[in-house]
Amino acid sequence: MSNKNPNTSKIVELARQKSIDTEKRVFSTIKSLIKNKKVINYNTVSQESNVSKSFLYNNEGIRRKINMLRNEQANLKKVINHKPNTSEKSKDVIIESLKFKIEHLEKENKELKEALKDKYSEFYKNL
């Protein structure tokens, strides 16, 4: 005989508590990723906290937090990779040194071509 009115309140309460514990674990993982200056995205958070990506996507608070941190990190990368402004004088020095280097390499290239040409002519004479 089956129970017409099963008491599932305890199961529902345990599932809710498990979800809350998992959520706390995810936020703790996010904090440690921030502290260790690691990349924050769904994949890294999922792997570090041992939860599924679907859990992260389905939880609105976690999803909002990850998206916000991901956007912040993208903006920081843009700023970090930005080269500082150089003065006109330093640019001129760099240009001159590069011009000198180009001239030197062109001269060396020409000498090597001549040496190769001489070796080829010597090789064909010996045939």
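The structure presented is a predicted model; accordingly, all values stated were derived computationally and were not measured. One is the number of the first residue; the rest follow in order along the sequence. All values below were derived from every heavy atom in this structure, side-chain atoms included, with hydrogens, water molecules and symmetry-related copies excluded.
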* Asked: Taking only residues two or more places apart in sequence or in another chain, which ones pass side chain to side chain donor-acceptor pair (under 3.5 Å) with Q17?
  -> D21
* Enumerate the residue pairs fulfilling salt bridge (charged side-chain N to carboxylate O under 4.0 Å, His left out) with a member in residues 8-20, sequence neighbours excluded, ordered by first and then second residue. => E13-R16
Can you give each donor-acceptor pair under 3.5 Å made by side-chain atoms of residues 89-97, sequence neighbours left out, with the distance rounded to 0.1 Å?
unit_1	atom_1	unit_2	atom_2	d
S90	OG	S87	N	3.3
S90	OG	S87	O	2.9
S90	OG	S87	OG	3.3
S97	OG	V93	O	3.4
S97	OG	I94	O	2.8

* Residues two or more places apart in sequence or in another chain: which of them pass side chain to side chain donor-acceptor pair (under 3.5 Å) with N7? -> S9
* Any salt bridge (charged side-chain N to carboxylate O under 4.0 Å, His left out) pairs touching residues 54-65, not counting sequence neighbours? -> E60-R63, E60-R64
* Asked: With sequence neighbours excluded, what pairs up with T8 under the side chain to side chain donor-acceptor pair (under 3.5 Å) test?
  -> none
Can you give the donor-acceptor pairs under 3.5 Å from side chains of residues 34-56 to other protein atoms, not counting sequence neighbours?
unit_1	atom_1	unit_2	atom_2	d
N36	ND2	S32	O	3.2
N41	OD1	N43	N	3.1
N41	OD1	T44	N	2.8
N41	OD1	T44	OG1	3.1
Y42	OH	N67	OD1	3.0
Y42	OH	N67	ND2	3.3
N43	OD1	K53	NZ	3.2
T44	OG1	V39	O	3.0
T44	OG1	N41	N	3.1
T44	OG1	N41	O	3.1
S46	OG	V51	O	2.6
S49	OG	V45	O	2.6
S52	OG	S54	OG	3.0
S52	OG	F55	N	3.2

* Identify, with sequence neighbours excluded, every residue that meets side chain to side chain donor-acceptor pair (under 3.5 Å) alongside E111. => none
* Using side-chain contact (heavy atoms from CB on, under 4.5 Å) as the criterion, list what pairs up with L112, not counting sequence neighbours. => E108
* **Between OG1 on residue T22 and CD1 on residue I62, distance to nearest 0.5 Å** => 8.5 Å
* Please collect all ring pair (Phe, Tyr, Trp, His ring centres under 6.0 Å) contacts where either partner lies in residues 90-127, sequence neighbours excluded, each pair once. => none
* Atom pair CZ (R25) and CD1 (I20), whose distance is rounded to the nearest 0.5 Å -> 13.5 Å
